[in-house]
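Reviewing the structure listed below.
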Amino acid sequence: MLSVVVVGGGITGLAAAHRATELARERGIELDLKVIEGRGRLGGTIATERVDGFLVEAGPDSFLSEKPWALALCRRLGIEPKLVRTDDRFRKVFVWHHGRLHPLPDGFQLLAPTRLLPFATSSLFSWRGKLRMAADLLLPRGGGDDESLGAFVRRRLGREALERVAQPLVAGIYTADPDELSLAATMPRFLETERRHRSLILGLRRALRATPQPGTSGARWSLFVTLADGMEALVRALAERLPDSSVALGQRVASLERSAGRWRLATADGVRVDAHRVIVAGESHGAARLLRSVDPTLATLLGEIEYAGAATVSLGYRRAEVPHPLDGFGFVVPRSEGKSILAGTFSSVKYPGRAPDGHVLLRCFLGGALDARVLEEDDAQLLSRARSELREALGITAEPVLSRIARWPASMPQYRVGHLARVETLERHALKLPGLHLAGGAYRGVGIADCVRSGEAAAEAALTP
Ligand SMILES: Cc1cc2nc3c(=O)[nH]c(=O)nc-3n(C[C@H](O)[C@H](O)[C@H](O)COP(=O)(O)OP(=O)(O)OC[C@H]3O[C@@H](n4cnc5c(N)ncnc54)[C@H](O)[C@@H]3O)c2cc1C
């Protein structure tokens, strides 16, 4: 009998536990599996609530289909028919600039334009800014080993491209300061594009011609997908496939030690569990605390990965009381605008079934590495911030018919410059501790698809003799 304990019942831990049961079945291994979760519920930052006909996502609202692991998991779980794609009639994203929402020009690929006409006629950029971006067509290759995303965009496309597009789009994903964020660890595709094609714009255009883009006709899934019943449906489907009584809720693992070739865990309530293998699938700051006495160097490396917090404020309105046409997926807000909202999603436009008839659901994303103090505010303050900024952006003065606030302190790992080198070093250290496996968004990708991959890889390593 092989005993495996998974610490943490977020998507990483659940994907690990599920993969372990799949592998045990395939390989005829007798498995004693335990998932120990500190909270009273599974899912970690994934939390869906149905209320008064609204479907509110307190944490992630979708996952990337481009990275195949979450999609493949949904297929194996038999929930692929429940996946829903974005309503691509409204693919537009707006950028808040000088008090107004400007559409991001068609063909803008996160950092750089790929289509000339929409870019040239865009109201978002000044002529000087447009010319500076076009200079990318002529500039030589540059950069060093690990460059920050901010330095890279400034160098290739100029300050305006960074301030008005790259910074706010990146804040909406990584909640990070672009001058601290490692490009190699977060968006290696752009580095590779410069390496191969020199010009980012030319390279992205060539890549576009070579492959059909998700969301365009012919592609099965849009770039982002979700589940009809919300992201928690993925958590439920995973939990249903775990062996009976393998999940312990409301129990926080407080210590971890190695004893006689096995791992010994103790919960904060004093429950002891011995196991051949341990998959630590919680945040890396928690893993650092657990491993302090086992391997202080590893613990220090883990502790050096910083986290930022974030909050979401979801607001339901009567459609008639929202003056804006809501003809897009939402908007992002450059830091230079001095607002609290990092991004606003028109949730019920982006996905079907998020609001009852005649209503809309909007969601504001606040906090992040550049605005940590927002998380310290009480509900009334957060609500009033979100409402006053929505009034400015969308002209909404009405009282919301629904409001929900969620805080996620220290939940978003920050991949600073040097992140990949740190992860390689800590992975080398972890290899010296047989039976210990680290998984989660702290290491090689922050999104749900990356977490699924990381959890499944940890299970494969744990079940390989
Ligand atoms: C507001 C927000 C919006 C997001 N939006 C998206 C999105 O749209 N798309 C996307 O792909 N990603 C998104 N993300 C990121 C995504 O949610 C995470 O990458 C992913 O859910 C992390 O899963 P995880 O299991 O690694 O960690 P978590 O979800 O943090 O789960 C870790 C779990 O481990 C438990 N735990 C930790 N230590 C212990 C211990 N010692 N003992 C017992 N239990 C322990 C915790 O209680 C927690 O439940 C978002 C994140 C946030 C916060």
Side-chain angles (χ1 to χ4, degrees), residues 5-17 34-48 56-67 69-71 86 172-175 223-226 230-232 234-235 238 247-256 265-269 271 273 278-291 307-314 329-330 342-343 345 347 350-351 363-368 375 405-413 438-455 458:
V5 173
V6 179
V7 180
I11 188 66
T12 304
L14 290 172
K34 244 192 187 39
V35 177
I36 306 181
E37 167 53 51
R39 294 186 171 114
R41 48 170 279 278
L42 288 173
T45 45
I46 300 179
T48 308
V56 178
E57 299 283 14
D61 65 355
S62 54
F63 61 85
L64 259 181
S65 66
E66 223 175 24
K67 298 187 172 186
W69 308 287
L71 206 53
T86 45
I173 307 170
Y174 293 96
T175 60
L223 187 55
F224 289 98
V225 290
T226 190
M231 290 300 299
E232 238 183 67
L234 174 57
V235 172
L238 281 165
V247 173
L249 294 177
Q251 301 204 18
R252 189 148 289 274
V253 175
S255 72
L256 183 60
L265 297 90
T267 69
D269 296 338
V271 179
V273 185
V278 181
I279 298 175
V280 180
E283 305 85 342
S284 56
H285 44 83
R289 278 193 297 278
L290 285 181
L291 288 161
Y307 275 70
T312 56
V313 179
S314 297
F329 288 166
L342 299 172
T345 306
S347 307
K350 195 170 171 187
Y351 294 113
R363 191 175 88 156
C364 306
F365 191 52
L366 301 93
L375 259 83
I405 293 170
R407 288 181 189 73
W408 301 107
S411 61
M412 324 260 317
L438 298 169
Y443 312 107
R444 293 185 179 272
V446 298
I448 285 175
D450 300 296
C451 290
V452 168
R453 172 169 69 159
S454 170

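Ligands are counted one by one from 1 in listed order, and the atoms in each one are counted from 1 as well.
Ligand 1 places these atoms under 4.0 Å from at least one heavy atom of G38: 43 (C), 44 (N). Using a 4.0 Å cut-off to heavy atoms of M412, the atoms of ligand 1 that qualify are 51 (C), 52 (C), 53 (C). Here is the list of ligand 1 atoms found below 4.0 Å of a heavy atom in R39: 47 (O), 48 (C), 49 (O). Counting atoms of ligand 1 from 1 in the listed order, those under 4.0 Å from a heavy atom of S411 are 53 (C). The I36 neighbourhood of ligand 1 comprises atoms 43 (C), 44 (N), with distances under 4.0 Å to a heavy atom of that residue. Proximity to Q251 (heavy-atom distance under 4.0 Å) selects the following atoms of ligand 1: 43 (C). Those atoms of ligand 1 with a heavy atom of G282 less than 4.0 angstrom away are 34 (O), 37 (C). Within the listing of ligand 1, atoms 19 (O), 20 (C), 22 (C), 23 (O), 26 (O) sit less than 4.0 angstrom from a heavy atom of C451.
Nearest non-hydrogen protein atom to atom 34 (O) of ligand 1 is G8 CA, 3.3 Å. With respect to atom 42 (N) of ligand 1, the closest heavy atom belonging to the protein is V253 N, 2.9 Å. Given atom 17 (O) of ligand 1, the protein heavy atom at minimum distance is T45 OG1, 3.1 Å. In this structure, the protein non-hydrogen atom closest to atom 11 (O) of ligand 1 is I448 N, 2.8 Å. The nearest protein atom to atom 46 (C) of ligand 1, hydrogens excluded, is given as E37 OE2, 3.6 Å; this is a heavy-atom distance. Nearest protein neighbour of atom 37 (C) of ligand 1, counting heavy atoms only, is E283 OE1, 3.2 Å. Residue, atom and distance of the protein heavy atom nearest to atom 31 (O) of ligand 1 are G10 CA, 3.5 Å. For atom 24 (P) of ligand 1, the closest heavy atom belonging to the protein is T12 OG1, 3.3 Å.
Salt bridge present: D450 and K67 bring a charged side-chain N and a carboxylate O closer than 4.0 Å.
Between V7 and ligand 1, no N or O atom pair is found at a separation short of 3.5 Å. Remark: ligand 1 and R252 share an N or O pair separated by less than 3.5 Å (distance only, no angle test).
For S454 (side chain) and C451 (main-chain N/O), no donor-acceptor pair under 3.5 Å exists by modelled atom type.
Within the 4.0 Å heavy-atom criterion, both parts of P60, backbone and side chain, lie near ligand 1.
Using a 4.5 Å heavy-atom threshold, the side chains of T175 and L342 count as touching. Between D61 and T226 there is no side-chain heavy-atom pair separated by less than 4.5 Å. Side chains of Y443 and P413 form no contact here, defined as non-hydrogen atoms less than 4.5 Å apart. Side-chain contact between E57 and R363 is present, with at least one heavy-atom pair separated by less than 4.5 Å.
For atom 15 (C) of ligand 1, the nearest non-hydrogen atom from the set D61, V446, V280 belongs to V446. Which of A70, A254, G172, S62 comes nearest to atom 10 (C) of ligand 1 through a heavy atom is settled by distance: it is S62.
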